[in-house]
Amino acid sequence: MKLKNNSMFQFLDFSDIKMLKNPEIQINSNIYGVILSKNEFQDKKYGRNYFDFRFGSLIFLNPNQEFTLTFFDEMILSKSKAIFFEKEQMEELFQFPFFNYKLEEALHVSENEFKIIETYFQQIKEDKQHLIKSHFSDLIKKIEIFYERQFTTRSDFHKEHIARFQQSLSNYYDGKEGTINYIPNVQFFATKLSFSSAYLNEIMKKEIDLNAQEFIHKYVVEKAKNKLLFTDNSITKIATDLGFEYPQYFITMFTNKVGISPKEYRNLC
């Protein structure tokens, strides 16, 4: 998909596209997009919970993303609008992580929130090119506020997944998932939880004030402290057992996190 006539943004009303009658159509986008859908879900669930804000949804697309229209069900055929743009047009917006969220991590909004967002969409549709960028920036900032609300209202749901993340991390280092050959990254656990790395990082920061990578490193350092105190294993052996390919990387990370080297920690304690 390409923007028409070198436009900064392109507005699209999905109800105008007749070919979308096939519910299995796949879309590959080489640009970014924000899709606003009026859901009116009935008895649809989010994990174990019913939608609390179910009037509409905002889905974010990036060039690496592919989706099928079956995810949107019948709503996308007549109740969705989209704004597409290229990254170069809005480089400053990519501090916002939701452009890297999965489709299942969409923002679900109330009727009032939907109307606010719909107003921005209409302004972007009707305004001249030089005004669109300002309206779009305001829209993204408003979306950030609504996502903050979603993280708050779904805190219990997210805590369940953080507990699963913690258990999975523990299982890995207890050898329950096979040999420890490397330090698992955020994507390793996000895949297990069916989250994107970006979304897992956000719920971790909201709930425990650490992103997922920081939590993994903190866990590894605590495991290292125990091994330094309660075993006679060499620092090289401890590093290998924790999944470090190079002992020096372990020493550097431990020193940065604790303030002293592994050797100094063992001697001090």
Side-chain angles (χ1 to χ4, degrees), residues 1-4 7-21 23 25-42 44 46 51-63 65-87 89-90 93-94 96-127 129 131-151 153-154 196 198-199 202:
M1 182 175 184
K2 294 183 179 180
L3 301 185
K4 295 180 179 179
S7 298
M8 182 181 293
F9 295 89
Q10 182 174 329
F11 183 90
L12 179 65
D13 190 330
F14 278 75
S15 64
D16 294 333
I17 304 178
K18 307 304 181 185
M19 63 179 290
L20 294 184
K21 291 180 180 179
I25 278 184
Q26 290 189 337
I27 294 178
N28 294 286
S29 174
N30 60 352
I31 56 178
Y32 288 82
V34 181
I35 299 177
L36 175 65
S37 295
K38 187 176 181 181
N39 299 342
E40 297 178 341
F41 280 119
Q42 297 298 323
K44 294 281 186 173
Y46 183 87
F51 283 112
D52 41 3
F53 287 73
R54 60 188 185 183
F55 190 85
S57 294
L58 271 172
I59 297 108
F60 302 88
L61 306 180
N62 64 64
Q65 202 164 22
E66 176 181 298
F67 66 95
T68 61
L69 296 184
T70 52
F71 174 81
F72 300 105
D73 244 344
E74 75 285 348
M75 69 179 182
I76 200 169
L77 299 179
S78 59
K79 301 176 182 178
S80 298
K81 299 176 176 63
I83 301 168
F84 295 102
F85 62 97
E86 294 179 349
K87 182 177 180 179
Q89 303 291 357
M90 297 298 291
L93 291 181
F94 294 90
F96 300 103
F98 38 78
F99 282 102
N100 293 309
Y101 288 173
K102 295 171 64 176
L103 299 182
E104 296 85 349
E105 297 156 0
L107 172 64
H108 303 294
V109 296
S110 66
E111 182 174 2
N112 183 56
E113 290 171 343
F114 184 93
K115 289 178 179 177
I116 292 171
I117 293 171
E118 192 173 39
T119 298
Y120 282 110
F121 267 65
Q122 195 63 29
Q123 288 174 332
I124 292 169
K125 177 183 179 181
E126 296 175 354
D127 277 344
Q129 286 289 319
L131 296 175
I132 290 176
K133 188 170 183 178
S134 175
H135 287 311
F136 192 76
S137 295
D138 291 340
L139 167 63
I140 295 301
K141 291 170 185 174
K142 185 65 68 174
I143 289 170
E144 183 183 33
I145 292 171
F146 292 159
Y147 253 120
E148 288 289 335
R149 185 270 306 150
Q150 180 161 295
F151 284 122
T153 58
R154 298 195 174 164
S196 65
Y199 197 82
E202 284 302 303

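Bear in mind that the values here come from a model prediction, so they are computed numbers and not experimental data. Numbering starts at 1 and runs along the sequence shown.
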In Å and rounded to the nearest 0.5 Å, what is the [atom1] to [atom2] distance from [X] to [Y]?
X      : Y      : atom1 : atom2 : result
Ser196 : Tyr101 : OG    : OH    : 7.0 Å
Ile83  : Leu12  : CD1   : CG    : 10.5 Å
Glu148 : Leu107 : CD    : CG    : 11.0 Å
Ile140 : Ile145 : CD1   : CD1   : 12.0 Å
Lys38  : Ser80  : NZ    : OG    : 11.5 Å
Asn100 : Glu105 : CG    : CD    : 10.0 Å

So does [Y] get a backbone contact from the side chain of [X], meaning a donor-acceptor N/O pair under 3.5 Å?
X      : Y      : answer
Glu113 : Ser110 : yes
Gln123 : His135 : no
Glu111 : Gly56  : no

Ring centres under 6.0 angstrom apart ([X], [Y]):
X      : Y      : result
Tyr199 : Phe151 : yes
Phe99  : Phe60  : yes
Tyr147 : Phe98  : yes

Could you please spell out the steps behind the side-chain contact (heavy atoms from CB on, under 4.5 Å) verdict for Phe85 and Gln10? CA-CA 7 Å; Phe85 62 97; Gln10 182 174 329; over 6 Å; no

For Phe55 and Asn112: C-alpha separation, side-chain torsions, deciding distance, then whether side-chain contact (heavy atoms from CB on, under 4.5 Å) applies. CA-CA 9 Å; Phe55 190 85; Asn112 183 56; over 6 Å; no

Would you check, one step at a time, whether the test side-chain contact (heavy atoms from CB on, under 4.5 Å) holds for Leu58 with Val34? CA-CA 7 Å; Leu58 271 172; Val34 181; 3.5 Å; yes

Kindly indicate, with the supporting measurements, whether the criterion side-chain contact (heavy atoms from CB on, under 4.5 Å) is fulfilled by Phe121 and Phe11. CA-CA 8 Å; Phe121 267 65; Phe11 183 90; 3.8 Å; yes

Would a 4.5 Å heavy-atom cut-off, applied to side chains only, mark Ile59 and Ser57 as touching?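 Yes, at least one pair of side-chain atoms sits under 4.5 Å.
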
Does a donor on one side chain sit under 3.5 Å from an acceptor on the other, for Glu118 and Gln122?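 No, no side-chain donor-acceptor pair sits under 3.5 Å.
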
